[in-house]
Amino acid sequence: MMMMTIENNIVQAVSEIITSVYGHQVSERELLLQKTRKEFVGDITLVVFPFVRLSKTSPEQTATLLGDELVKRLEDVTSYNVIKGFLNLSLSPDYWLRFLKSQMNNESFGMWPVGGQTVVVEFSSPNTNKPLHLGHVRNNLLGYSVSRILEAAGNRVARVNLVNDRGIHICKSMLTWIKFGNGETPQSSGKKGDKLVGDYYVMFETELRKQAGTLAQERGIGEDEARKIAPLMLEAQELLRKWELKDPETMSVWEMMNAWVYEGFDKTYARMGVHFDKIYYESDTYLLGKELVLEGLEKGVLIRKEDSSVWADLTDMKLDQKLLLRSDGTSVYMTQDLGTAQLRYDDFKADKMIYVVGNEQNYHFDVLQKVLKKLDKPYADAIYHLSYGMVELPEGKMKSREGTVVDADELMDEMIATARRMTEELGKTDDFSAEEKEKLYNIIGMGALKYFILKVDPRKNMLFNPAESIDFNGHTGPLIQYTHARIRSILRTADDARIEKTDLDVVNAGDMNEKEKRLLKILYAFPEVVQESAVEYSPATLANYLYDLAREFNQFYHDYSILNEPNLAISDFRLQLARLTARVIKSGMGLLGIEVPEKM
RNA sequence: GGUUCCGUAGCUCAGCUGGAUAGAGCAACAGCCUUCUAAGCUGUGGGUCCCAGGUUCGAAUCCUGGCGGAAUCACCA
């Protein structure tokens, strides 16, 4: 969507001026506009240093000439000032007022019309042998938010989940359940299904370590060695073989236990507010990819070794050789991912396939993409690994073996409990019904958690300290939610008290104060921020923008009265300003997967 | 050891397609509720942007080399 924005007009005009006055073309790259910093007068700043070599005059002279011409040519540019090589342009207050008028009734302000690409976003992709933890939470929130942002930026988006429901890890849980479970079920124990299965996985590890310990002593071998030959491990491998042969008894245990896990996951997903358009299961896809490999062999882009294993030689792409088929002809993880990439491409005809997967798999995705390139697949370049950083604890990485894993359900419970405690201390919900209270605490607690995670640049590792609970004051989700609730409260009062004018024609744009103008400028940037977040796949960009907006509004709110402003025209203007702010907060937070309350 | 990513205030993080005097929040201290929600607002203190070179009119941002941290380099997933 190419809008005739003032920015475009300025770029266009400057380009023309330079061509006609100095006789040179300038590339668009050199023509960069930025927001004027608040310590200077102006709205938009053009850096003129790049043109100095064309103008052969001083930066000040160049800037002055450009400034004069721009004021002459563009109605909305009313004045300018030059500081060193910076040309600060002031737009007419009417320009900002026109913007507000044009958008104040636009419910979907900031949302771009569909017309972009078809994008598949894979996220979550859990194993079915243990419950979701904080790492998964980051993954899910990121994946969900990125998909919402991509939609808002005009793309068609499909959310997919690839569940790892097979393999040795499930067999471990199954084995201990069969041996020691005595038929325990979620119903009989009252445990959440994924937790119950996770417990048997832990039990396997515990028992295995015991076995391996004694075995190591008896035979004088290393622990690692002993683990491999411990009876429990051999039994688990035997179970996997049975599974692969589709042994009915094994299949039925597998199906039952996975069903428990899905029931548990569904609850957790629902609480997190994420959902998928399509769920793939590895048990259906793990054999895919072989044909692709054989095809590659025929084309001669892959190699077969003497033991008949198949490899991709990526040494010409600065990587290693990578195994694709074992000597016995079975596939590995990479093979499967080649297959699922093809499947996904066939299913969605996607222009872009995004994988939200931790940065520990950077190498894997690098290889995946390069093998697909070797195979000459058209979608090789469509693949994008959205590689996010680990969530670390003060003592380092979470380790399930050391019990330092932060469980997703427990974390959400804690957040909601904290929201309850804080809200009740503040006495904000005394007139709420029990149901309203529950809903509000849920919104605030989840808002705090989601914002805490999403405000950090996805690529970076982030720290979570369980000892100090996530903040509800300052640069947080609840502050933004609170700002929304404040505005809604005003709007409710306004609706009751009087009918506001909506033409704003009475307002003299010149009366606009600095705070109002700054707020307007931030609101104005919203569509661009949505687009930028989409291009960067970064909810953090949007999250930080929304905080800036909330802070700016709170300053404005503090300094000026909206409803008690005696001049009705100004009062209406401020009301519209507040209304648009609330709307941007609501839709922006929505793109982060965060709800905002009407009252808090 | 190779490769990739990261290093900004005491702590958690913005800023990074090169642009003006590097910003927030938390924590500390000092203020602001007879006026639209104080989960707010205002102020004070707090910085060798890891180090050293280089490119440039200009470097937290780009390049090179160090130092420190993380991940990864399986016929595991």
Q: Tell me which residues in residues 322-336 of chain A put a heavy atom below 4.0 Å from RNA chain B, sorted by number, or none.
A: L323(A), R326(A), S327(A), V332(A), Y333(A)
Can you confirm whether the side chains of [X] and [Y] place a donor and an acceptor under 3.5 Å from each other?
X	Y	value
T429(A)	T423(A)	no
T340(A)	T285(A)	no
S387(A)	N362(A)	yes
K305(A)	Q321(A)	yes

[X] stacking on [N]: centroids under 5.5 Å, ring planes under 30°?
X	N	answer
Y557(A)	G40(B)	no
F86(A)	A20(B)	yes
F49(A)	G58(B)	no

Q. Want to settle it: does R486(A) or H558(A) sit nearer the 5' end of RNA chain B, counting the closest nucleotide to each?
A. R486(A)
Q | 5′-ward residue of the pair K38(A)/V47(A) relative to RNA chain B | A |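 Comparing both residues, the 5'-ward one is V47(A).
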Would you please classify the geometry between the [Y] ring and the [X] ring as parallel, tilted or perpendicular, with 30° and 60° separating the classes?
X	Y	value
H475(A)	Y547(A)	parallel
F556(A)	F553(A)	perpendicular
Y286(A)	W243(A)	tilted

Q: Begin from the C-alpha positions of S58(A) and Q61(A) and carry the test side chain to side chain donor-acceptor pair (under 3.5 Å) through to its verdict.
A: CA-CA 5 Å; S58(A) 73; Q61(A) 283 173 299; 3.2 Å; yes
What about [X], does its side chain sit under 3.5 Å from the base of [N] through a donor-acceptor pair?
X	N	answer
N88(A)	A20(B)	yes
T483(A)	A39(B)	no
T476(A)	A39(B)	no

Candidates [options] - which lies nearest the side chain of [X]:
X	options	value
E392(A)	C26(B), C41(B), A70(B)	A70(B)
Y482(A)	A20(B), C73(B), U37(B)	U37(B)
E360(A)	U72(B), U35(B), C73(B)	U72(B)

Using a cut-off of less than 4.0 Å, is there contact between a side-chain N or O of [X] and OP1 or OP2 of [N]?
X	N	answer
S309(A)	C75(B)	no
Q361(A)	A77(B)	no
K428(A)	A39(B)	yes

Q: Measure from NZ or CZ of R459(A) to the centre of the six-membered ring of Y388(A) and say whether it is under 6.0 Å with the direction within 45° of the ring axis.
A: no
Is there a Watson-Crick or G-U wobble partner for [N] with both distances under 3.5 Å, and which nucleotide is it?
N	result
C62(B)	G54(B)
A38(B)	none
A28(B)	U44(B)
U72(B)	G2(B)
A14(B)	none

(Q) Output one letter per nucleotide in nucleotides 11-16 of chain B: B when a protein non-hydrogen atom lies under 4.0 Å from the base, S when only the sugar-phosphate is that close, - when neither is. (A) -SSS-B
Q: Assess whether ring pair (Phe, Tyr, Trp, His ring centres under 6.0 Å) is satisfied between F51(A) and Y22(A), documenting all intermediate values.
A: CA-CA 9 Å; F51(A) 317 132; Y22(A) 302 123; 8.6 Å; no
